[in-house]
Amino acid sequence: MDFLERISDTIWEIPVSYKEGMRVPARIYGSQQLIREMDAGVFDQVTNVATLPGITKYALCMPDGHFGYGFPIGGVAAMDIENGGVISPGGIGFDINCGMRLVVTNLTYKEVKPHIKQLVDNLYKQIPAGVGSKGFVDISRNEFRRVVEQGAQWCVRNDYGWEEDLELIEENGCFAGADASKISDRAIDRGANQIGTLGSGNHYLEVQVAKKEHIFDPEIAETFGITMPDQVVIMFHCGSRGFGHQVATDYLQTFLKVMDSKYGIKILDRELACAPFNSPEGQAYFAAMKCGINMSFANRQVILHRIREVFARVFGRSARDLGMNMVYDVAHNTAKLEQHKVDGKERSLLVHRKGSTRAFGPHMTDVPKQYQAVGQPVIIGGSMETGSYLLAGVETGAETFFSTAHGSGRTMSRTKARKTWRGEQLQKDMAAKGIYVRSTSWSGLAEEAGAAYKNIDDVIAATELAGLCKRVVRLTPIGNIKG
DNA sequence: ATGTGC
């Protein structure tokens, strides 16, 4: 690790001399301990990313970084599209617009506790989860093409949600410029019956409590809708399912064919397959990826609709009466065209965030009007046993193109986790801790054991110390559905 | 992450 230069307590740099072809230095965020425990693969991958055409300022990795496909998960790479910058599916992730949504209620822990089993059992029954699960939204292939072009806006038009939900979603729930003609039939086939499904792996839905001692910034918390101690909220994490996966697969193949032969781009790892952003292939993938982003917004919108229905039934009051308003919906697997100041000059950059959350500060364009004064809500999910955070974007985030962490980050492989824990026992241990969990698979549950992840409090402390975001509320789980 | 894979 002697190749790491300490820039501050939470910033570590690998210089361009480290590897041939690096165009910019790599910077990894985290405390000394988090850096010490990071996969060695992260350093190799982030320095590979530093060789890509158009990369601007730094190849970055957040404190929850771990080994991924081509790019590290936790990676941020901003490409200068006016100077040959590329777009790379590996910098976005297979699960396009994997993201988080947070919804409040006006219920307290005391009111929910007696019903938690009934509540979680009903959520589990009503929200399809697990590999290969099918949704309940029955639409034609052509209608699905409209869903991926219109995102959550399609859902609200079709009575899956409230009009005011839309302004509390990144891009207002519809990434403009999505073009279904750039999507393969295979992707359409895989996605058409997956709207409103949670998925598997680390995708989950959680009922959480904002304990009094965990409300760090009461004013911002109130702006976000968390107004009382022990308030119950719902957080969930899912993405674009088989649809996004197929889009990524399709375009990785396309890029591998043209990258060198047509554009003369040489890369260190096939998994970094890319194309110039300003090329027919790059533009086609950008328009297709936007469909993946919209599928995911629609997916989370329909899931929210079901959550509201279940709460209304269990508590015998309407979702409106229960104050089930959205805080925000954030993506953490995307590439977006943004304006950023680099060395004093405004530049148009394609910012890849893979396992990294956008964290725009106060007064920035695209932050919802009701949050303009305090910054964008940042939702970071921990492991199912430990806890999660609601944070806010800050001005000093400019250093990372206003990006921060997205979760805890694994420290143990899924294989090793399955050998270390039994899902059945874990469920009992979690019950003893006050968390009622339901899962579609015991081995899947074991894979998500809290101890297989970095400590979420350490990760969050590093992001705050580095000036990437600000803690608002820590949220404690009381019920969980694991996909 | 993923109808889990050349």
Side-chain angles (χ1 to χ4, degrees), chain A residues 39 41 45 64-75 88-101 128-135 141 144 148 183-205 236-253 256-257 270-271 273 288-289 291-293 295-297 299-300 303 330-335 352-357 381 383-384 405-410 412-418 439-448 452-453 481-483:
Chain A
D39 300 340
Q45 291 189 319
D64 53 337
H66 54 120
F67 187 78
Y69 182 91
F71 288 56
I73 295 160
S88 175
I92 293 158
F94 274 84
D95 189 6
I96 296 166
N97 188 7
C98 184
M100 311 290 307
R101 189 176 279 218
V131 192
S133 59
K134 292 189 178 110
R141 299 284 190 272
F144 182 66
V148 302
I183 299 291
S184 67
D185 289 341
R186 200 170 180 194
I188 297 288
D189 282 344
R190 285 183 69 173
N193 59 9
Q194 293 185 318
I195 308 168
T197 63
L198 201 54
S200 66
N202 67 355
H203 287 163
Y204 64 87
L205 185 161
F236 55 104
H237 176 220
C238 63
S240 49
R241 309 283 286 107
F243 178 75
H245 193 276
Q246 192 60 47
V247 170
T249 305
D250 291 342
Y251 281 91
L252 278 165
Q253 270 179 8
L256 279 170
K257 272 185 228 148
R270 279 171 59 85
E271 296 182 358
M289 184 210 58
C291 293
I293 288 185
M295 158 61 182
S296 203
F297 285 145
N299 192 24
R300 293 197 285 271
I303 289 174
V330 290
H332 51 231
N333 281 7
T334 60
H352 295 72
R353 295 187 181 91
K354 186 216 199 150
S356 169
T357 314
S383 75
M384 61 185 182
H406 84 305
S408 295
R410 291 197 79 86
M412 189 187 280
S413 71
R414 293 185 175 278
T415 315
K416 193 172 172 197
R418 277 198 305 271
S439 175
T440 57
S441 113
W442 290 123
S443 61
L445 188 65
E447 289 176 3
E448 295 304 315
Y453 282 86
I481 292 165
K482 207 215 73 66

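Every value quoted in this text rests on a predicted model; they were computed, and no experiment measured them. Letters A, B, ... are given to chains in the order of the sequence lines, protein chains preceding strands, and every chain is numbered from 1.
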Original post:
Could you give the CG-to-P distance, from A/Leu252 to B/dG5, as a whole number of Å?
Top reply: 14 Å
**OP:** Let me know the distance between NE2 of A/His237 and C1' of B/dT2, rounded to the nearest Å.
**Re:** 14 Å
**OP:** Round to a whole Å and report the spacing from CD of A/Gln246 to C1' of B/dG5.
**Re:** 14 Å
**OP:** Using whole Å, report how far OH of A/Tyr251 lies from P of B/dT2.
**Re:** 21 Å
Original post:
Hey, does A/Glu447 reach any base, or is it just sugar-phosphate, or nothing, if we go heavy atoms under 4.0 Å?
Top reply: nothing
Subject >> Whole-Å gap separating P (B/dT2) and CZ (A/Arg241) >> reply: 5 Å
Original post:
Whole-Å distance between B/dT4 C1' and A/Phe94 CZ?
Top reply: 11 Å
**OP:** Find the distance A/Tyr69:OH to B/dG5:P and express it as a whole number of Å.
**Re:** 12 Å
**OP:** Give a yes or no answer on whether the side chain of A/Arg141 reaches the backbone of A/Ile188 with a donor-acceptor pair at less than 3.5 Å.
**Re:** no
**OP:** Could you go through the side chain to side chain contact (heavy atoms under 4.5 Å, CB included) check for A/Ser133 and A/Arg241 one step at a time?
**Re:** CA-CA 10 Å; A/Ser133 59; A/Arg241 309 283 286 107; 3.4 Å; yes
**OP:** Assign each of A/Glu448 and A/Val131 to its nearest nucleotide of DNA chain B by heavy atoms, then name whichever residue's nucleotide is nearer the 5' end.
**Re:** A/Glu448
Original post:
Should the pair A/Phe144 and A/Phe243 be assigned to parallel (<30°), tilted (30 to 60°) or perpendicular (>60°) ring geometry?
Top reply: perpendicular
**OP:** Determine: side-chain N/O of A/Thr249 to OP1/OP2 of B/dT2, distance under 4.0 Å, yes or no.
**Re:** no
Original post:
How close or far is atom P of B/dT4 from atom NE2 of A/His203, stated in whole angstroms?
Top reply: 16 Å
**OP:** Assign the ring pair A/His237 / A/His332 to parallel, tilted or perpendicular, where the plane angle (0 to 90°) is split at 30° and 60°.
**Re:** tilted
**OP:** Assign A/Gly239 to base, sugar-phosphate, or nothing according to its heavy-atom contacts below 4.0 angstrom with the strands shown.
**Re:** nothing
